[in-house]
Amino acid sequence: WNIRLRDALAGAFVSSLDAFKRHDLLKNTYFDFIPGKEEVSGNFLRPVRKAIFDQLVLTKCLRSASGTWCLPKELRTAGKRFRELFPSETAKLVFGYDYVHEDQKADKVTLDDLGVQGALVSDVISLFNNHLKWFQEQPKEWKRSLYSLIADSLERYIKAGLLEVPFLPLDDGTGIVPKGARRLLPAREGKKYGFEQDLRILDVDYSILTRIRLNSGDFSRRLGYSRMTLTT
């Protein structure tokens, strides 16, 4: 009898979600009613928490940044800098996901148990493959911010496949795959060489190119391209 009552708790909790969602306060805080792993001391009640989450992962239980209720797998978490670069509507357009609403009170353990992932390095890299035209249409200030984000975690991006996508910016607005690229000439601010049509010119306007010294021999070797310089 007691086991039957215990096993009904998860279903009863999930059935209460509609009421929580209609309440201005509870819609953001109802996860507080689920005991933490360390708060359940007895073996008899220990399965209840897992049973609740087993049902929640299949339920539209999290509010998105755009205000809709979603399955946990449909949402991501991300830091302020990432979200400023990719606001909710942009993230839905290019990545196919939205963020967890900032007012949704759920700690990392709760989000992990729901299967909510953080925004991934691979998401950013996918821009250069799957959304290259969209990327090229973005303003230069936005691109500077993106390259700066990449520069701050460069090794992670390289390990995730950065060298396999057309990430190196050229001065004609296109990009080139670093791996295997040969004889790239750095652009000179306000100056022309006179034979640009015969070369591929790196656009050094972006923050990453100056901050990580992309035009240095050491960095060019790491990225797998050859740098060409001229003396004037």
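FYI, side chains are in, hydrogens and waters are out, and symmetry mates aren't considered; it's all heavy atoms of this structure. One is the number of the first residue; the rest follow in order along the sequence.
Ion pair Glu84/Arg81 not flagged as a salt bridge, since none of the NZ, NE, NH1 or NH2 atoms sits closer than 4.0 Å to an Asp/Glu carboxylate oxygen. Taking 4.0 Å as the cut-off between side-chain N and carboxylate O, Asp113 and Lys37 count as a salt-bridged pair. Looking at Asp54 and Lys50, a side-chain N of the basic residue comes within less than 4.0 Å of a carboxylate O on the acidic one, giving a salt bridge.
Using modelled atom types, no side-chain atom of His101 and backbone atom of Arg63 make a donor-acceptor pair closer than 3.5 Å. Judged by distance alone, with hydrogens and angles left aside, the side-chain atoms of Ser126 form no donor-acceptor pair with the main-chain N or O of Asn130 at under 3.5 Å. In this structure, the side chain of Glu74 engages the main chain of Leu71 through a donor-acceptor pair within 3.5 Å.
Here the closest non-hydrogen pair linking Val165 and Asn129 is CG1-ND2, 3.2 Å. Val116 and Pro72 make their closest contact through CG2-O, 3.7 Å (heavy atoms, listed as atom of the first residue, atom of the second, distance). What you find for Asp98 and Ser88 is that their closest heavy atoms are OD1-OG, 2.6 Å. Taking each heavy atom of Ala10 and Gln55 in turn, the nearest pair found is CB-NE2, 3.6 Å. Here the closest non-hydrogen pair linking Tyr99 and Pro87 is CE1-C, 4.0 Å. Counting all heavy atoms, side chain and backbone alike, Lys73 lies closest to Arg76 at O-NH1, 3.3 Å.
The CG atom of Leu75 sits 11.0 Å away from the NZ atom of Lys60 when rounded to the nearest 0.5 Å. The structure places CG of Leu162 at 10.5 Å from CD of Glu155, a figure rounded to the nearest 0.5 Å. In this structure, Gln117 CD and Asp123 CG are separated by 8.5 Å, a value rounded to the nearest 0.5 Å. Between the CD1 atom in Ile125 and the CD atom in Glu164 there is a gap of 9.5 Å [rounded to 0.5 Å]. Atoms NE2 and OG1, from His23 and Thr29 in turn, are 8.0 Å apart once rounded to the nearest 0.5 Å. To the nearest 0.5 Å, the span separating NZ on Lys159 from OG on Ser153 amounts to 11.5 Å.
When hydrophobic clusters are built by joining Ile, Leu, Val, Met, Phe, Trp and Tyr residues whose side-chain heavy atoms come closer than 4.5 Å, directly or via intermediates, Val124 is grouped together with Leu93. In the hydrophobic clustering of ILVMFWY residues, with side-chain heavy atoms under 4.5 Å counting as a link, Leu56 and Phe33 come out together.
A side-chain donor from one of Asp107 and Thr110 sits under 3.5 Å from a side-chain acceptor of the other.
Between Trp134 and the options Phe128, Phe95, Trp142, a ring-ring contact (aromatic ring centres under 6.0 Å, His included) holds for only Trp142.
Not a single ring pair (Phe, Tyr, Trp, His ring centres under 6.0 Å) links Trp69 to another residue, sequence neighbours left out. Residues satisfying the ring pair (Phe, Tyr, Trp, His ring centres under 6.0 Å) criterion with Tyr30, sequence neighbours excluded, are Phe20.
Atom CZ of Arg156 sits in a sparse spot, with 12 or fewer heavy atoms from other residues, nucleotides or ligands closer than 6.0 Å. In Glu137, the CD atom is crowded: over 12 heavy atoms of neighbouring residues, nucleotides or ligands sit closer than 6.0 Å.
Annotation: side chain of Phe135 is in contact with side chain of Leu146 (closest heavy-atom distance under 4.5 Å). Side-chain contact between Ile34 and Phe53 is present, with at least one heavy-atom pair separated by less than 4.5 Å. Taking the side chain as every heavy atom from C-beta outward, Ile176 and Pro166 never approach each other to under 4.5 Å.
Cation-pi geometry between Lys105 and Phe31 is not met at under 6.0 angstrom from the ring centre and within 45 degrees of the axis.
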**Chi angles and distances behind the side chain to side chain contact (heavy atoms under 4.5 Å, CB included) call for Leu9, Ile52** = CA-CA 8 Å; Leu9 289 174; Ile52 290 174; 5.9 Å; no
**Message:** Does Leu17 form a side chain to side chain contact (heavy atoms under 4.5 Å, CB included) with Thr59? I'd like the steps, not just the answer.
**Reply:** CA-CA 9 Å; Leu17 286 184; Thr59 308; 3.5 Å; yes
**Request:** Report the C-alpha separation of Leu114 and Cys61 in whole Å, then their side-chain angles, then the decisive distance to 0.1 Å, and conclude whether the side chain to side chain contact (heavy atoms under 4.5 Å, CB included) test is met.
**Result:** CA-CA 9 Å; Leu114 289 171; Cys61 64; 4.2 Å; yes
